[in-house]
**Q** 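There's a structure below that I have some questions on.
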Amino acid sequence: MEDQLFRTIMGSFATGVTVITTQVDDEIHGMTANAFMSVSLQPKLVAISIGEKAKMLGYINSSKKFAINILAANQKDLSKQFAGQLNSDEVVAFETYQGQPIIKNSLAVISCELFNQLDAGDHTVFIGRVTGLKHEPQEPLLFFGGKYQEIKE
Ligand code: FAD
């Protein structure tokens with residue numbers, strides 16, 4: 001099987017875009033991720049998948065909690081920032097929710113404590129138990145075919 005075909009097919013599954021945030025000691029860390037899914041309603045569980053090279057892997061292993069910030073259409077630059085694709089020194093505005101750092105003005109925030117984790121090839125799947133939900137309805141940022149997209153009427 002070809003790696004490129006696998007990437008192309010996975011990239012043809014349209015998703016939203018999130019930034020995973022967590023805090024270790026006094027430092028706030030963020031990482032862009034679209035490998036996010038809802039897992040269970042009772043109890044409320046969600047999953048994210050983090051690559052073995054990402055620093056976020058070690059941060060979540062330390063903090064045992066994280067927040068998933070679902071980005072709005074006007075937050076594309078934040079997605080790039082937390083994917084390491086912007087050479088910007090711009091200070092990101094965080095606020096605190098359920099004792100966790102979150103990104104201001106996101107479409108939604110899901111705060112979680114670590115429920116379980118699974119090593120899966122070159123990624124680790126973290127399952128989070130939901131501890132809080134915050135929603136500010138607005139248009140979502142989308143990712144499809146390796147590009148950012150927005151909903152078109
Ligand atoms: P770093 O490289 O340290 O951080 C990433 C960037 O965030 C850096 O530029 C850093 O300056 C910035 N940053 C971190 N904390 C702060 C802060 N407090 N204030 C301001 N800036 C800060 N990878 C996955 O493993 N799983 C996925 O599901 C996934 N989905 C992705 C989806 C999209 C649309 C994109 C574009 C990338 C995705 N990636 C995913 C790749 C991932 O975002 C990058 O590999 C990322 O750079 C890894 O970050 P890191 O944890 O190694 O941390």
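In each ligand, atom 1 is the first atom listed, and ligand 1 is the first ligand listed. All heavy atoms count here, side chains included; hydrogens, waters and symmetry mates do not.
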**Q** Assess whether a salt bridge exists between E113 and R129, defined as any Lys/Arg side-chain N lying under 4.0 Å from an Asp/Glu carboxylate O.
**A** yes
**Q** Relative to ligand 1, is H29 under 4.0 angstrom through side chain, backbone, both or neither, heavy atoms considered?
**A** backbone
**Q** Tell me, please: is Y59 in heavy-atom contact with ligand 1, that is, under 4.0 Å?
**A** no
**Q** For atom 25 (O) of ligand 1, what is the nearest protein heavy atom, given as residue, atom name and distance?
**A** G51 N, 2.8 Å
**Q** Are V92 and F82 close enough that some pair of their side-chain heavy atoms sits under 4.5 Å apart?
**A** yes
**Q** Return a yes/no value for V17: is any of its N or O atoms, backbone included, closer than 3.5 angstrom to an N or O of ligand 1?
**A** no
**Q** Under a heavy-atom criterion of less than 4.0 Å, does F94 contact ligand 1?
**A** yes
**Q** Does ligand 1 come near enough to N34 that some N or O of the ligand is less than 3.5 Å from an N or O of the residue?
**A** yes
**Q** Using heavy atoms and a threshold below 4.0 Å, how should the contact between Q81 and ligand 1 be classified: side chain, backbone, both, or neither?
**A** both
**Q** Note the single closest protein heavy atom to atom 43 (O) of ligand 1, along with its residue, its atom name and the distance in Å.
**A** T32 O, 2.8 Å
**Q** What part of F82 sits under 4.0 Å from ligand 1 if we count only heavy atoms: the side chain, the backbone, both or neither?
**A** both
**Q** Mind checking whether Y148 contacts ligand 1 via backbone (N, CA, C, O), side chain (CB onward), both or neither, at a 4.0 Å heavy-atom cut-off?
**A** side chain
